[in-house]
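What follows is one structure encoded as structure tokens, with my remarks underneath.
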Amino acid sequence: MRTLMEMHDVQASYGHAQALFGVSFDIRAGEVVTLLGRNGMGRSTTVKCLFGMLPLKSGAISFGGRPLAGLASHGIARLGLGLVPEGREIFTNLTVEENLVATARAPRHAQASLKPWDLARVYQFFPRLQERRANLGWQLSGGEQQMLAIGRALMTNPQLLVLDEATEGLAPIIRTEIWNALAALKAEGLAQIVIDKNVGALLKLADRHFVLEKGRVVWQGSSDALRAEPAIVQQYMGVS
Ligand SMILES: Nc1ncnc2c1ncn2[C@@H]1O[C@H](COP(=O)(O)OP(=O)(O)O)[C@@H](O)[C@H]1O
Ligand SMILES: [Mg+2]
């Protein structure tokens, strides 16, 4: 399958503190890949670089064969990248429906193979959001806020959805709902980069995995390869 996004040897810093020391990974159309690692290893920083929210010190990123260098965040998003950010970051003083409409964007030609998203389809996908459509963001439960964050990203009709700790802090039953939603999105061909601590769920959902340690990719491989090497999970994700 064709390569959708490719990150090559990216280095990035916060002021003088370097966080990424040469991160390379890629994702193909329709694929789900993960960024694994303990807290502070550079997963969110990698996402910030991809979305143009942190400048690269060196390295390159391309999306759909197009270099992203020089593009601002909104320009990158417009190419078809949808972000479900760490901490959700929904508009707490807007209603559910206002949150969804605020980010709506018509599908691009390149997404012709993906079924388009609009308000009706997001409500069909997450019926809870329809029930809560007139509620303000701050009135929602954590799980509802997470569904809203995902629904809002879907309203941009992305070709690639990036989820940073989307099940963090949620009750197990809501987590299961989120995992089922991501599996349904994969089944219809939506490529996803997923960051999460739940390796069991990721092994089922994802095709390939990239393990980050102190700003470097130290292991990569398929779900089968990761299942065959449980020591990798213990070493790089176990509580130290
Ligand atoms: N806004 C920031 N300012 C300064 N340092 C940061 C900032 N965000 C993250 N870092 C540092 O960058 C490194 C990678 O963090 P991050 O990418 O957020 O890790 P992860 O998402 O894997 O938990 C850590 O050392 C963290 O302390
Ligand atoms: Mg993070």
Side-chain angles (χ1 to χ4, degrees), residues 5-27 32-61 63 68 72-74 76-77 81-90 142-143 145-150 152-153 158 160-170 174-175 178-179 181-182 191-203 205-206 208-221 223 226 229 231-240:
M5 188 289 304
E6 191 165 18
M7 182 174 289
H8 178 69
D9 206 15
V10 162
Q11 301 202 30
S13 300
Y14 297 98
H16 292 298
Q18 188 160 349
L20 301 185
F21 294 85
V23 171
S24 300
F25 79 106
D26 65 288
I27 179 166
V32 175
V33 307
T34 73
L35 299 178
L36 301 178
R38 280 187 292 264
N39 286 343
M41 292 307 166
R43 299 159 304 156
S44 294
T45 303
T46 301
V47 169
K48 284 181 217 168
C49 288
L50 173 58
F51 281 82
M53 294 163 356
L54 188 69
L56 311 190
K57 261 178 63 163
S58 64
I61 307 173
F63 183 74
L68 298 187
S73 291
H74 60 272
I76 291 172
L81 282 99
L83 177 60
V84 180
E86 197 172 20
R88 300 166 199 144
E89 297 182 20
I90 57 162
Q145 288 191 357
Q146 192 60 62
M147 289 172 198
L148 179 55
I150 296 172
R152 194 177 56 167
L160 172 60
L161 185 63
V162 180
L163 301 112
D164 193 350
E165 310 255 28
T167 70
E168 177 73 16
L170 301 182
I174 309 292
R175 286 186 181 198
I178 301 291
W179 290 118
L182 302 188
Q192 299 165 54
I193 297 172
V194 185
I195 295 172
D196 206 276
K197 289 271 161 30
N198 190 334
V199 177
L202 291 173
L203 282 170
L205 175 73
R208 290 188 298 140
H209 308 269
F210 296 85
V211 178
L212 285 174
E213 172 85 353
K214 296 182 181 156
R216 289 183 171 87
V217 175
V218 292
W219 187 92
Q220 58 179 287
S223 285
L226 189 56
E229 282 192 80
I232 293 291
V233 174
Q234 188 51 40
Q235 182 177 356
Y236 294 113
M237 297 189 71
V239 180
S240 54

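Whatever order the structure lists them in is the order used to number ligands and atoms, beginning at 1.
- Listed by number with element, the atoms of ligand 1 under 4.0 angstrom from any heavy atom of Asn39 are 23 (O).
- For atom 13 (C) of ligand 1, the nearest non-hydrogen atom of the protein is Gly40 O, 3.7 Å.
- No side-chain donor-acceptor contact under 3.5 Å links Thr34 to the backbone of His209.
- Not a single protein heavy atom sits closer than 4.0 Å to atom 27 (O) of ligand 1.
- Atom numbering of ligand 1 starts at 1 in the shown order; those under 4.0 Å from a heavy atom of Lys48 are 8 (N).
- Partner Leu163 forms a side chain to side chain contact (heavy atoms under 4.5 Å, CB included) with one of Ile178, Val194, Val32, Leu83 and no other, that one being Val194.
- Contact annotation: the side chain of Val84 approaches that of Leu161 to within less than 4.5 Å [non-hydrogen atoms, C-beta and beyond].
- Here the side chains of Arg38 and Glu213 are in contact, with some heavy-atom distance below 4.5 Å.
- Listed by number with element, the atoms of ligand 1 under 4.0 Å from a non-hydrogen atom of Ser44 are 17 (O), 18 (O), 20 (P), 21 (O).
- There is no side-chain donor-acceptor pair under 3.5 Å between Gln220 and Arg208.
- Between Ile61 and Phe63, the closest side-chain pair of non-hydrogen atoms is not below 4.5 Å.
- Nearest protein heavy-atom neighbour of atom 16 (P) of ligand 1: Thr45 OG1, 3.5 Å.
- Ser24 places no side-chain N or O within donor-acceptor distance of the main-chain N or O of His8, the cut-off being under 3.5 Å.
- Nearest non-hydrogen protein atom to atom 10 (N) of ligand 1 is Tyr14 CE1, 3.3 Å.
- Only protein N, O or S atoms were considered, and those under 2.8 Å from the Mg ion (ligand 2) are Ser44 OG, Glu86 OE2.
- Inspection of the Trp219 and Glu229 side chains reveals an N or O donor paired with an N or O acceptor under 3.5 Å.
- The closest approach between a heavy atom of Gly42 and any atom of ligand 1 is below 4.0 Å.
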message = Go through it in stages, so that I can follow the logic: the residues are Gln146 and Leu170, the test is side-chain contact (heavy atoms from CB on, under 4.5 Å), and I'd like the CA-CA distance, side-chain angles, deciding distance and then a yes or no.
response = CA-CA 9 Å; Gln146 192 60 62; Leu170 301 182; 4.1 Å; yes

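- Applying the side-chain hydrogen bond (donor to acceptor under 3.5 Å, both in side chains) test to pairs two or more places apart or on separate chains, those with a residue in residues 40-50 are Tyr14-Thr45, Tyr14-Lys48, Asn39-Arg43, Arg43-Glu165, Ser44-Glu86, Ser44-Asp164.
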